[in-house]
Structures are given as C-alpha cells and as structure tokens.
Amino acid sequence: MGEPVIINEVGLRDGLQNQPNPVRTEDKSRLAQALVDAGLRHIEPVSFVHPGAVPRMADAAEFTEQLPRGEDLHYTALVPNLKGYEKARDAGYQTVALVLSTTETFNQRNLNMALDDAIASCQTILHQANEDGLNTRTYISGAFACPYEGPVTVGTTLHLTHEMIEAGSAEIAIADTIGGGTPKQMKDIMAPLLHSYDPERFFVHLHDTRGLAAAMAWEAADLGVRRFDASVGGLGGCPFAPGATGNMATEDLVYMLEACGFDTGVSIHKLREAVEIANEITGGQWGGRILDWIRSQEEQGKAVPVS
Ligand code: COA
Ligand code: ZN
C-alpha cells in the first residue's frame with residue numbers, strides 16, 4: 001500500500017455554493033452518501049454564511065443533521081466570521097475552516113471587511129475555537145492571485161500564513177481560489193513552509209481555471225504535502241471571485257496520486273456515481289478529465305486500471 005494522502009472533498013460547499021439553481025437538501029444528502037460510499041472520509045459540506053450572500057448554503061444546519069455519520073468521518077464547516085463560527089460549533093462541527101484573503105479588495109468583497117479587520121476576526125475566532133477545543137484550518141484565499149488586484153507575492157502569502165499559525169491555527173490551507181497560480185509559485189510558497197512546519201499542518205486547495213491544477217498538486221505532493229482539497233466532478237467556482245472556474249476534480253486528483261503510488265482510499269469507479277448525482281441535482285455537466293478516458297477505454301472494450 002502506498003503512502004496515505006488525505007483528500008478533503010469540498011464539492012458540497014465550494015461547488016454547490018455557486019450553482020445557478022437551488023439544490024434540495026435531500027439531494028445534497030444523496031451526494032454526501034455517494035461521496036462517503038466512494039471512500040471519502042474528509043468532507044466540507046457547508047458554510048455558515050449570510051443566506052443573502054450565499055443562498056445555496058441557507059440549509060447548512062438542516063443538511064448537517066442529514067449527513068452520514070461514522071467515527072472515521074471528518075466534517076468541516078467554513079465560517080466567515082464569529083457568528084458563523086458559533087453556528088458551526090453549535091451544529092456540532094469539530095473542525096472549522098476560516099477564510100483570510102490576501103488583498104484588501106478580496107476581503108472586502110468576500111467578507112465585507114478590510115484586511116486588518118479580517119486578520120483580527122480570524123484571531124478572535126481562532127482564540128475562541130482553541131478555547132472550545134475545536135480543530136482549526138485557515139484558508140489563505142487568493143494565495144497565488146487575487147481576482148481584483150492581480151498577482152499576489154509569495155511574501156504576502158507566507159506572512160499571512162505565519163500570522164495565522166501564530167494566532168493558533170492548527171492547519172493552513174494554501175488556496176488558489178481563482179486558479180491563477182503556477183507550479184513554480186507552489187514551490188516558492190510550500191518549500192519554506194514545509195521547512196519550518198510539520199507537513200501535516202498544510203492543505204492545498206486548487207481551482208483548474210487555466211489547466212495547471214494537476215501540475216500544482218503534483219508539485220505540492222513532491223514537496224511533501226499530503227492533504228488536498230478537491231471537488232467531485234470539478235464542481236465549483238466562487239461567487240466573490242469572478243472568472244474562477246471549478247476546483248480540481250476529485251477523480252483527477254485521485255487518479256494522479258494513485259498512479260504515482262499514493263493511497264487515497266477513494267474509488268474512482270464509485271466516484272463516477274457521485275459525479276452522476278452531482279450532474280443530476282445541479283443540471284450541470286461536470287466531470288474530471290479521467291472520466292472521458294475511462295469512457296473511451298470502456299467503449300473500446302479495454303481494461304480500465306483504476307480502483
Ligand atoms: N451567518 C448568518 N448571518 C450572519 C452571519 C453569518 N455568518 N454573519 C452576520 N450575519 C447577519 C447578522 O446577524 C446581521 O443580521 P441582522 O441584519 O438581521 O442583524 C447581518 O448578517 C449583518 O451582519 P454583519 O456582521 O454586518 O455582516 P455583513 O453584512 O458585513 O456580512 C458576511 C458579512 C461574512 C456574513 C457576509 O459577507 C457573508 O456571508 N459572506 C459570504 C462569504 C462566502 O461564503 N464566501 C465564499 C467562500 S470563501
Ligand atoms: Zn475554492
């Protein structure tokens with residue numbers, strides 16, 4: 001068996017938050033069950049945000065009650081502010097995902113806060129979460145590029161990362177929210193962080209807007225990152241980041257990592273069923289690149305060497 005890698009499935013939150021049509025809570029539950037059946041054990045199903053800002057997450061508390069349960073299932077809720085944190089804690093989440101964007105404008109658009117206020121807000125939430133005994137993960141959003149202000153320096157991302165670790169964030173997710181980064185940037189950001197901190201503290205969150213997500217994921221894996229976000233079918237986009245397309249598809253990430261000898265614990269064949277459900281409930285046509293290849297192999301009657 002290969003070295004284990006954790007894949008954190010974010011399609012239910014990062015993917016569904018951006019869908020043009022409402023998705024019923026029971027349909028979200030079907031998708032959640034399919035993801036668990038495919039072997040995913042880390043899932044971010046909801047955010048506790050203002051329902052006016054993100055209407056698709058308005059059922060967060062109700063959906064949480066319908067999630068599959070099991071000792072090995074780890075759920076995370078995204079929280080934009082202290083009020084969201086309290087709702088997540090009260091709903092029973094053990095891990096919360098905070099958001100800190102790298103620029104003034106992105107923080108304003110996403111959280112209605114100046115950068116300094118967003119930093120202070122994260123510090124308050126981290127303090128409270130540590131007091132409450134919850135696990136914390138802070139997303140450095142726009143870690144490679146900002147949808148409003150353009151390129152983001154490596155120094156900015158490293159500075160905010162150090163600041164959040166100092167404020168008590170157990171984990172950090174380096175997030176290419178708009179898919180504007182490069183493998184070279186990934187190396188420049190992750191190499192010093194992995195030199196200073198335990199690799200288990202880091203997640204990488206990628207969108208595939210310019211087709212570089214797989215190259216960036218591999219760069220991170222090669223450097224020692226063992227935790228990745230991904231989204232079933234590549235479902236995704238951000239309502240506050242114009243131009244961002246879907247996340248790196250879970251099935252593509254699983255294929256790449258398994259083909260390189262890692263153990264994800266996830267079945268691509270079972271993920272196909274989850275992709276079908278995702279398409280059915282969103283009316284979309286999502287699906288990672290690997291699924292096209294699997295279909296063409298099957299059409300030619302050839303073996304498909306994936307789990
Ligand atoms: N969940 C639900 N309601 C919330 C809330 C939350 N997390 N935070 C604040 N509110 C409510 C307040 O209670 C208040 O309600 P009232 O008018 O009935 O009294 C109202 O929203 C305004 O509160 P305020 O603190 O001024 O919030 P805001 O208007 O500045 O909005 C956010 C800030 C963060 C809540 C809002 O911008 C948001 O939800 N953004 C979504 C970010 C997101 O999901 N991004 C994508 C993922 S990174
Ligand atoms: Zn994202």
Side-chain angles (χ1 to χ4, degrees), residues 7-19 43-64 76-91 93 96-103 105-115 117-122 124-125 128-129 137-148 160 173-181 203-210 212-213 216-217 228-250 253 286:
I7 296 187
N8 180 45
E9 169 61 46
V10 298
L12 288 162
R13 198 279 304 165
D14 209 5
L16 295 187
Q17 73 176 3
N18 206 40
Q19 292 310 301
I43 296 178
E44 183 176 290
V46 300
S47 55
F48 286 93
V49 296
H50 193 288
V54 188
R56 302 288 172 261
M57 294 291 120
D59 64 347
E62 188 191 346
F63 176 37
T64 298
T76 308
L78 185 143
V79 301
N81 55 15
L82 189 61
K83 178 160 186 162
Y85 166 76
E86 287 164 354
K87 283 173 180 263
R89 179 194 58 197
D90 296 349
Y93 284 89
V96 287
L98 291 70
V99 187
L100 177 62
S101 299
T102 49
T103 65
T105 322
F106 202 5
N107 280 295
Q108 282 291 356
R109 300 287 174 100
N110 200 17
L111 301 178
N112 197 23
M113 289 180 208
L115 176 57
D117 294 336
I119 292 172
S121 166
C122 285
T124 304
I125 299 170
Q128 188 61 50
R137 181 179 316 143
T138 305
Y139 280 72
I140 308 296
S141 177
F144 300 80
C146 167
Y148 306 101
L160 294 175
I174 300 294
D176 190 6
T177 315
I178 60 167
F203 281 72
V204 162
H205 175 104
L206 298 166
H207 286 250
D208 204 21
T209 314
R210 303 183 199 179
L212 292 185
M216 291 171 73
F228 295 87
D229 283 2
S231 168
V232 60
L235 205 62
C238 174
F240 308 97
T245 55
N247 291 61
M248 177 156 197
T250 309
L253 183 63
W286 299 93

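Counting from 1, the numbers follow the sequence of the chain as shown. When a ligand or atom number is given, it counts from 1 through the structure's own listing order. Everything numeric in this text was worked out from a predicted model, so none of it was measured.
- Protein heavy atom in closest approach to atom 2 (C) of ligand 1: Val49 O, 3.5 Å.
- Each of the atoms 46 (C), 47 (C) of ligand 1 lies under 4.0 Å from some heavy atom of Gln17.
- Partners of Tyr85 under the ring pair (Phe, Tyr, Trp, His ring centres under 6.0 Å) rule, at least two apart in sequence or in another chain, do not exist in this structure.
- Heavy atoms of Asn81 found under 4.0 angstrom from ligand 1 belong exclusively to the side chain.
- The residue among Gly84, Gly142, Ala97, Pro80 with a heavy atom at the shortest distance from atom 34 (C) of ligand 1 is Pro80.
- By the criterion of a heavy-atom distance under 4.0 Å, neither the backbone nor the side chain of Met113 is placed next to ligand 1.
- By the 4.5 Å heavy-atom criterion applied to side chains, Phe48 and Asp90 are not counted as neighbours.
- Taking CZ from Arg109 and SG from Cys146, the interatomic distance works out to 9.0 Å, rounded to the nearest 0.5 Å.
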Q: Check the pair Thr102, Phe144 against side chain to side chain contact (heavy atoms under 4.5 Å, CB included), reporting the backbone distance first and the verdict last.
A: CA-CA 9 Å; Thr102 49; Phe144 300 80; over 6 Å; no

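- Using a distance-only test at 3.5 Å, with no hydrogens or angles considered, no donor-acceptor pair links the side chain of His207 to the main chain of Ile178.
- Of all the atoms in ligand 1, the ones that sit under 4.0 Å from a non-hydrogen atom of Arg13 are 47 (C).
- Separating the CG atom in Leu100 from the CG atom in Asn107 is a distance of 5.5 Å, to the nearest 0.5 Å.
- Any N or O atom pair closer than 3.5 Å counts here, and Ala53 shares no such pair with ligand 1.
- Residue contacts with ligand 1: His50 is placed with a nitrogen or oxygen under 3.5 Å of a nitrogen or oxygen of the ligand (distance criterion only).
- Taking all heavy atoms of Asn18, Leu98, Asn110, Leu82 into account, the minimum distance to atom 40 (N) of ligand 1 is reached by Asn110.
- Of the N or O atoms in Lys87, none lie within a sub-3.5 Å distance of an N or O in ligand 1.
- Distance remark: protein heavy atom not present below 4.0 angstrom from atom 24 (P) of ligand 1.
- By the 4.5 Å heavy-atom criterion applied to side chains, Gln128 and Arg89 are counted as neighbours.
- Of the candidates Gln108, Lys83, Arg56, the one placing a heavy atom closest to atom 10 (N) of ligand 1 is Lys83.
- The closest side-chain heavy-atom distance from Leu16 to Leu235 is below 4.5 Å.
- Applying the salt bridge (charged side-chain N to carboxylate O under 4.0 Å, His left out) test to Glu44 and every residue at least two apart in sequence or in another chain returns Arg13.
- Side-chain atoms of His205 and Asn8 include no donor-acceptor pair closer than 3.5 Å.
- Scanning all protein heavy atoms for the shortest distance to atom 33 (C) of ligand 1 gives Leu111 O, 3.6 Å.
- If you count the protein N, O or S atoms nearer to the Zn ion (ligand 2) than 2.8 Å, you get 3.
- Remark: distances from the non-hydrogen atoms of Met57 to ligand 1 are all 4.0 Å or more.
- Looking only at side-chain heavy atoms (C-beta outward), Tyr148 and Gln108 stay at 4.5 Å or farther from each other.
- Between Tyr139 and Thr177, every side-chain heavy-atom pair lies at or beyond the 4.5 Å cut-off.
- For ligand 1, the atoms lying closer than 4.0 Å to a non-hydrogen atom of Val54 are 41 (C), 44 (O).
- Across Val10 and Ser231, no two heavy atoms sit closer than the pair CG2-CB, 4.3 Å.
- For atom 27 (O) of ligand 1, no protein non-hydrogen atom is found at a distance below 4.0 Å.
- Counting protein heavy atoms under 4.0 angstrom from atom 15 (O) of ligand 1 gives zero.
- Below 3.5 Å of separation, one finds no N or O of Ser47 facing any N or O of ligand 1.
- Distance check on atom 45 (N) of ligand 1: some protein heavy atom falls below the 4.0 Å cut-off.
- In terms of the side chain to side chain donor-acceptor pair (under 3.5 Å) criterion, Asp176 has no residue partners (sequence neighbours excluded).
- Those atoms of ligand 1 that come under 4.0 Å of a heavy atom in Asn112, given as number and element, are 28 (P), 29 (O), 30 (O).
- In terms of polar-atom proximity, defined here as any N/O pair under 3.5 Å, Phe48 does make such a contact with ligand 1.
- Here CD1 of Ile125 is found 4.5 Å from CG of Leu98. Values are rounded to the nearest 0.5 Å.
- Thr250 and Ala230 make their closest contact through OG1-C, 3.4 Å (heavy atoms, listed as atom of the first residue, atom of the second, distance).
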